[in-house]
Structure formats: C-alpha cells, structure tokens
Amino acid sequence: MASSFLLSCRGLSAAADETPILHDVDLEVPAGEVHVLMGPNGAGKSTLGHVLMGDPAYSVTSGSVEFDGADITELSPDKRSRAGLFLSFQAPVEIPGVPLRSFLRAMVEGRGQKMKNKEFRKKIKELAQTLDMDPAYLDRELGVGFSGGEKKKVEMLQLLLLEPKLAILDETDSGLDVDALSVVSRGMELYREQCDGTLLIITHNTRILEHLNVDCVHVMVSGRLVAAGPSGLIDEIDAQGFERFELDNSAE
Amino acid sequence: MAENTIIVTTSGKKRTQVADVDRGMYDFRYEDADAEKLEAGLTPEIVREISERKGEPAWMLEHRLKSLEIYNSIEMSDWGPSIDGLDMDNIVTYVKPNTDQKSDWDSVPDNIKDTFDRLGIPEAERSYLAGVGAQYDSELVYHSMQESAAKMGIVYSGIEEALHGDYADLIQSKFMTLIPPTDHKFAALHGAVWSGGSFVYVPKGVRLDYPLQSYFRLNAKGAGQFEHTLIIVEDDADLHFIEGCSAPKYNVANLHAGAVELFVGKRAHLRYSTIENWSKNMYNLNTKRCRCDEEGQIEWISGSFGSHVGYLYPMSILAGRKAQASFTGITFAGSGQNLDTGCKVVLGAPETSASVETKGISKDGGIQTFRSSVVATPAAKGSRCSVSCQSLMLDDRSRSDTIPAMDIRCKNVDIGHEATIGRIGDDKVFYLMSRGIGEEEARTMIVNGFAEPISKELPLEYAVEMNNLIKLEMEGAIG
Ligand SMILES: Nc1ncnc2c1ncn2[C@@H]1O[C@H](COP(=O)(O)OP(=O)(O)OP(=O)(O)O)[C@@H](O)[C@H]1O
Ligand SMILES: [Mg+2]
C-alpha cells in the first residue's frame with residue numbers, strides 16, 4: 001500500500017563493506033514538512049543521507065525506502081535525483097577541470113529540461129547573486145580551491161536550481177560565518193517558498209532552525225533513531241546534550 | 001606534378017570537399033610492381049624505384065640507400081611494448097602504396113564507420129578519412145592558406161615538391177640531421193622509404209597569427225606510413241602548426257613510421273599540436289624532434305588516442321642559451337592498446353628550461369606508459385626542468401606506469417619530477433549522479449576534467465573534437 005508520506009523508510013539497515021552502521025531505521029516525512037535529524041558525531045546521520053540518496057558505498061542489508069509513492073530502494077542515485085530527491089553533501093567533492101557552470105548545465109540537461117543557454121546563464125547568475133556569490137565562481141573548477149563556506153553555498157545553489165521535492169541538507173550550516181549563515185537561511189526559505197519544498201535537515205546547530213517552522217525532530221544515536229518529537233526537543237538537546245538518549249539507547 | 005600529400009582542414013566540421021577520384025595517377029603503377037616484389041625483403045632496387053618515381057635529386061637517393069644499409073644492419077630495440085605483430089619479413093608490404101586500402105567502402109570495419117557517425121564527420125569526407133575511395137580534398141582551403149602565408153614570405157608545401165624548389169639546398173642541409181637514420185631501426189626504415197609530408201619555412205621575424213593545419217593523406221604513395229615533416233622557423237619568427245585530426249585513420253598496412261624535424265631559431269617560437277587517432281590495428285612508431293637555438297621556444301601539444309601499439313616521445317633539444325621547451329601531452333589507452341608515450345628533453349646550453357605535463361588514461365585493459373628522458377649536458381648550467389605526470393586508471397584491468405629517466409651531467413641544474421597514478425573516485429561519481437547525471441556521463445565528465453589542462457591548450461574546434469573523442473572512448477564506441 002502506498003504511504004501518504006513523501007519519504008518513508010522502514011526497517012532500514014545499512015552497512016559499509018561488512019560493518020553495519022544503520023540499524024532498523026523507520027522514518028517518515030510528509031510532503032511540505034520540515035524535519036530535523038540530530039545526533040552525536042558518528043551517529044550515522046550522514047550515512048542515512050547517503051543511503052537515502054543511493055550511495056553505492058553502502059549496502060542496504062534490510063528494509064526499504066519509499067519516495068513519492070514508489071519503492072526506490074534499488075534505484076541508482078541519478079534516478080533518485082530525477083525523481084525529486086536531493087542531498088546537500090556534508091563534504092562536497094572537488095572535480096578538477098570541470099567548470100561549475102558546465103556541471104550545473106549537465107544537471108539540468110540530465111533531467112531532460114530544455115533550457116536555452118541564455119536563459120540558463122541568466123538563471124544561475126541570479127541564483128549566485130541571491131546567495132551572495134560572485135558570479136565569477138561559476139567559471140571555476142567544481143569545488144577546487146573553494147572554501148568550506150563557498151562549497152556549502154554551491155550546494156544551496158544546486159538546491160535552488162533543481163527545486164527537488166525533498167532536500168536532505170547535511171550540515172549545510174556548519175562552518176559558515178554569520179553572513180553566510182543568513183544567506184543559507186534565506187536560501188532555505190526561498191526553497192520552501194518557490195516550490196513548497198520538504199526538508200530533512202541534519203545539523204548540530206540550532207541557529208539555522210530559528211526561522212523555520214520545524215515539524216518534527218528525530219534523534220539518532222549509534223545508527224538507530226531513538227527519539228522523535230516536536231520542535232521543543234531541540235531546546236532540550238541544546239540544554240542537555242544527547243546523554244539522555246544514549247542512556248535510553250543502552251537500556252533498550 | 002604537384003605533390004599532393006597535404007590536406008588542410010579549417011575545422012573539424014567545416015571541411016570542403018571535392019569528390020574527385022584522383023588516384024589513378026600513381027597508384028596503379030605500383031600495383032604491377034608490387035605483385036612481383038611481395039615476397040622479397042626491402043632491397044636497394046625497391047628503394048631506387050621509389051626514388052626514381054619521385055624524380056628526386058641524387059643526394060636523396062644516396063640518403064635512402066645508406067639508410068637502407070643501416071636498416072638492414074641494426075637490431076630492433078629491446079624495450080617497450082611488443083611489436084611482434086608487425087610482419088617485418090614482409091616489410092615491402094608496408095612500403096608499397098596501400099592498394100588494398102582503396103578497395104572500397106564496404107571493406108571498412110563497421111566500428112570505424114560508426115565512429116565517423118558519432119564524431120559527426122560529414123558523409124562526403126568519410127571514405128577519404130577511412131583511407132578508401134575518393135580522396136577528400138580541400139584544395140581550395142589549402143591554396144588560400146598557402147597564398148596568404150606566401151604573402152608573408154612563408155613557404156608551405158609538400159616536401160617532395162619543395163625538394164625541387166628554391167629551398168632544396170636548405171632542405172638538404174637539414175633533412176634527417178635531427179633524426180639520423182642511425183637513431184633506431186624505424187628511423188633507418190623511414191630514411192630509406194619516406195614518402196610525402198610537409199615543408200614549412202617561416203623567414204626571420206615573420207609571425208603567423210593563425211595556425212597552419214594539415215593532416216596527411218593515407219591513400220597517396222604510402223604517405224600515411226612514412227611521411228616526413230620539416231619545419232624551419234627562423235630567428236624571431238612565430239608559427240603554430242597543427243597535425244592530425246580526431247577521425248580514426250583506417251589503414252590495412254598497419255605501420256606508421258613518420259618523422260618530424262623542427263628547427264626553431266633564436267627568439268623564435270613554434271607550437272606543434274597533434275591529435276592522433278590511428279585505427280586500432282596500427283603500430284605507430286613515430287619520431288619527432290625539435291632543436292631550439294638561443295631563447296627559442298618549442299611547445300608541443302600531443303594527444304594520442306588511436307593505434308594498437310604506440311611509441312612516441314617528441315624530443316626537444318635545447319641547444320642555445322635560455323631556450324625553452326614545454327610539452328603537454330595526453331594518452332588514452334583503451335581495450336587492446338599499449339601506448340608508450342612521453343617525451344625527451346636535452347638541456348644542452350646554459351639557463352635552458354623545460355616543463356613537461358602529461359596525463360595518461362587507461363581503460364578496459366589498456367596499457368598506458370609514460371616514459372621520459374631528461375638529459376642535462378655539462379653545458380646546462382643554471383637550467384631547470386620539471387616533469388609532472390598524472391595517470392588515471394578507469395578500472396582494475398587497466399595499467400598505467402611511469403618510467404622517468406634522468407641523466408644529469410652538470411651541477412647547478414634544477415630537475416623536478418612528480419608522478420601520481422590514481423583511480424576515478426567513486427565519491428566523485430556518486431556526487432555527480434546524485435545530481436541526476438547518468439553514470440557514464442559522470443565518468444566522462446571526470447575524465448574530460450582530468451584532460452582539461454591539455455584540451456585548453458588546443459584551438460577550440462580541436463578541443464571539442466578531443467572531448468568528443470574521450471566521450472566515445474568512454475562509451476567504448478571506438479573500435
Ligand atoms: N564508507 C564508510 N566506511 C566505513 N565506515 C563508515 C563509512 N561511512 C561512515 N562510516 C562510519 O559510520 C559511522 C557514522 O558515520 P556518519 O558520517 O554517518 O556520522 P554522522 O552522524 O554524520 O557524524 P557527524 O556528526 O560527525 O557528521 C562513523 O563511525 C563512521 O566512521
Ligand atoms: Mg555527518
């Protein structure tokens with residue numbers, strides 16, 4: 001039976017090589033909502049993001065992922081992307097010799113969108129300006145020599161260009177200065193406005209959430225989702241850390 | 001009769017075409033002669049006959065005969081990829097004009113035809129490029145290029161034709177002095193049977209601001225096998241010469257032993273660019289050399305994509321103070337290919353400098369070796385040379401190696417070498433795919449990015465051709 005959720009995973013376990021990392025994860029995100037995923041370092045948050053996106057570095061050992069009414073557990077990452085899923089990488093890669101502009105172009109073309117070159121150039125220039133990026137960056141090699149903050153802005157630019165149905169933002173707010181942080185915040189709001197986008201935000205930093213209406217907070221510890229609750233949970237975590245959840249976890 | 005071995009292209013896409021069959025003139029004559037000599041080794045008679053047919057000056061005949069002697073007396077080199085597949089006992093079959101080649105379009109392998117399709121080579125040119133049938137001819141472009149160059153005093157012609165012209169003595173004084181027949185077995189063979197090729201002379205102080213482009217006809221007088229290129233750029237002059245094209249050159253006789261000799265005068269500058277895509281039965285044993293006088297500069301841009309086996313090490317001899325060389329090369333070895341490429345540098349005078357940057361790619365079991373030799377003579381005080389080579393192996397079956405040699409006979413020189421051999425990063429592929437880009441395209445983008453430092457040195461239309469070529473190689477679409 002198709003679920004009414006935009007994204008839902010059931011009993012999802014995944015491993016890298018032979019090492020299990022995610023255990024029996026159940027997660028449901030309805031369309032249009034903002035969900036937050038928190039947890040200590042090494043909990044498996046990024047791994048979950050990558051597994052949802054179909055990273056072949058991980059193998060799904062059990063469970064399934066459903067997106068927009070279809071089972072995507074076996075789908076390749078490019079097809080997931082075209083189905084409307086997006087992952088902003090915690091550590092975006094560098095690809096020497098490939099100009100950012102050509103990469104963006106290939107992204108758009110990969111979706112079979114016919115956009116005239118002029119229109120495309122205008123669009124990405126506008127997006128760059130929205131994100132306080134010097135349009136000269138568009139002609140630089142993808143990620144090469146970009147600062148940590150610049151890389152995150154490039155991720156946001158892609159988000160706004162693709163307008164996916166669901167965006168997983170993996171620490172897109174970390175390592176940003178105050179100005180960049182508000183730029184990324186603005187980007188997130190814009191994404192919500194433009195296409196009523198759904199967000200799954202992985203973060204250690206509550207600041208970025210201030211301007212957002214958070215619908216649900218999930219807590220991951222040691223590869224398991226151990227708690228979920230309304231936005232009040234964020235303040236609790238802020239005040240008390242994850243210790244409580246860790247205890248819960250070991251008591252299981 | 002005008003030497004007809006030069007074809008000029010304006011760009012990969014805009015070639016003119018005169019669909020005229022012009023091969024009867026010489027090819028038929030060969031057929032009878034060949035029939036008789038097929039079994040024999042290479043003899044002085046054959047060499048005499050070649051020379052006679054060309055109506056050459058006596059010194060050239062002598063040169064050929066001497067080269068033949070050397071050819072018959074020296075051994076094959078004992079390093080590098082195997083060339084056992086070359087039938088050296090029947091070397092005459094390589095020397096004869098390739099009568100089989102011009103059989104017909106039907107005999108051209110399907111994969112080559114397919115590649116023409118995918119490279120977008122116009123219908124009209126395909127049979128020419130495939131080495132069969134009507135010779136594609138852009139005489140018009142060639143002549144207009146010749147004419148405008150001539151106005152500046154530049155000579156640009158077939159070398160056989162030039163042997164009878166005003167520059168005959170100059171040619172005699174330079175011909176095979178950089179690449180003597182004693183250099184190696186195939187240089188000797190070249191000296192004995194060379195045929196066709198270009199001659200360019202740029203007078204003092206003349207600077208040509210557009211490139212001269214040429215590639216060699218395959219189906220004329222064995223020119224695809226043994227062409228000789230001689231370029232002289234006098235003091236303070238400037239030239240960019242482009243050889244080759246990205247279309248696969250199909251050839252039944254599968255040996256290519258051409259020679260390129262370049263002379264760069266004081267403060268002169270020459271850029272020599274090549275994209276080579278011989279068909280994949282070819283043994284490409286080409287030799288290229290340049291000599292630079294004081295403050296002269298040679299820039300090599302070299303792309304090797306085709307051939308079954310390749311040996312190619314363009315050499316820069318920096319003979320004058322402050323002479324400079326740069327070598328930018330890319331080699332792509334796919335299935336069934338063993339490409340041994342690189343370069344040689346001789347720092348032969350004070351304060352010379354050379355920089356070498358190469359990229360090697362291997363895929364589907366291909367073997368790609370970067371081989372370099374840097375020699376600093378005792379005269380090289382204050383010289384420097386940096387060599388950087390990067391290789392990318394696209395799968396576990398393929399191989400990339402680096403074999404740098406250095407022979408430093410001078411203190412006070414600065415020589416650096418750096419090599420990296422890597423694999424295509426799965427994290428990069430995943431990143432691109434997570435943006436909706438298909439796996440094959442993702443890999444192609446990464447490889448094109450890897451090759452970018454080379455393609456950016458090429459004129460735009462060649463860079464585009466090279467990117468297309470890489471794309472086809474990535475699809476495994478080229479036979
Ligand atoms: N490809 C991999 N191979 C081996 N181990 C991995 C791999 N990816 C993740 N891990 C391990 O799985 C665990 C979870 O890592 P993950 O990056 O998902 O954590 P995280 O919750 O995102 O942490 P952080 O908050 O520090 O970003 C870590 O112990 C990590 O070392
Ligand atoms: Mg993480």
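Note: hydrogens, waters and symmetry copies are ignored here, and every other heavy atom, side chains too, is used. Here is how names work: the chains are called A, B, and so on, in the same order as the sequence lines, proteins then strands, and each is numbered from 1.
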| message | At a heavy-atom distance under 4.5 Å, which candidate from Met433(B), Met445(B), Glu452(B) has the highest pair count against chain A? | response | Met433(B)
| Over 12 foreign heavy atoms within 6.0 Å of NZ, Lys79(A) | no
| said: Is Tyr431(B) in contact with chain A via its backbone, its side chain, both, or neither, using a 4.5 Å heavy-atom distance? | reply: both
| Within 6.0 Å of NZ in Lys456(B), more than 12 heavy atoms from elsewhere | yes
| field | Proximal component of Asp427(B), with respect to chain A [non-hydrogen, under 4.5 Å] | value | both
Show me, pair by pair, the donor-acceptor contacts under 3.5 angstrom made by side chains of residues 95-107 of chain A, not counting sequence neighbours?
residue	atom	partner	partner atom	Å
Arg101(A)	NE	Asp139(A)	OD1	2.9
Arg101(A)	NH2	Asp139(A)	OD1	3.3
Arg101(A)	NH2	Asp139(A)	OD2	3.3
Arg105(A)	NE	Glu109(A)	OE2	3.1
Arg105(A)	NH1	Asn117(A)	OD1	3.0
Arg105(A)	NH2	Met115(A)	O	2.6

| query | Do you know which of Ser81(A), Ser76(A), Pro92(A) has the most heavy-atom pairs under 4.5 Å to chain B? | reply | Ser81(A)
| message | Please classify the contact between Pro164(A) and chain B as side chain, backbone, both or neither, with a heavy-atom cut-off of under 4.5 Å. | response | neither
| message | Has Arg111(A) got a side-chain atom pairing as donor or acceptor with Arg435(B)'s backbone, closer than 3.5 angstrom? | response | yes
| field | Sequence-distant partners of Phe430(B), ring pair (Phe, Tyr, Trp, His ring centres under 6.0 Å), two or more places apart | value | His50(A), Phe89(A)
| Do you know which of Gly110(A), Gly54(A), Pro77(A), Pro56(A) has the most heavy-atom pairs with chain B at a distance under 4.5 angstrom? | Pro77(A)
| request: With a 4.5 Å cut-off on heavy-atom pairs, point out which of Val108(A), Leu162(A), Leu87(A) contacts chain B the most. | output: Leu87(A)
| query | So how far is it from Lys428(B) NZ to Leu142(A) CG, rounded to the nearest 0.5 Å? | reply | 10.0 Å
| query | Near Gln194(A) CD, under 6.0 Å, is it more than 12 heavy atoms from other residues, nucleotides or ligands? | reply | yes
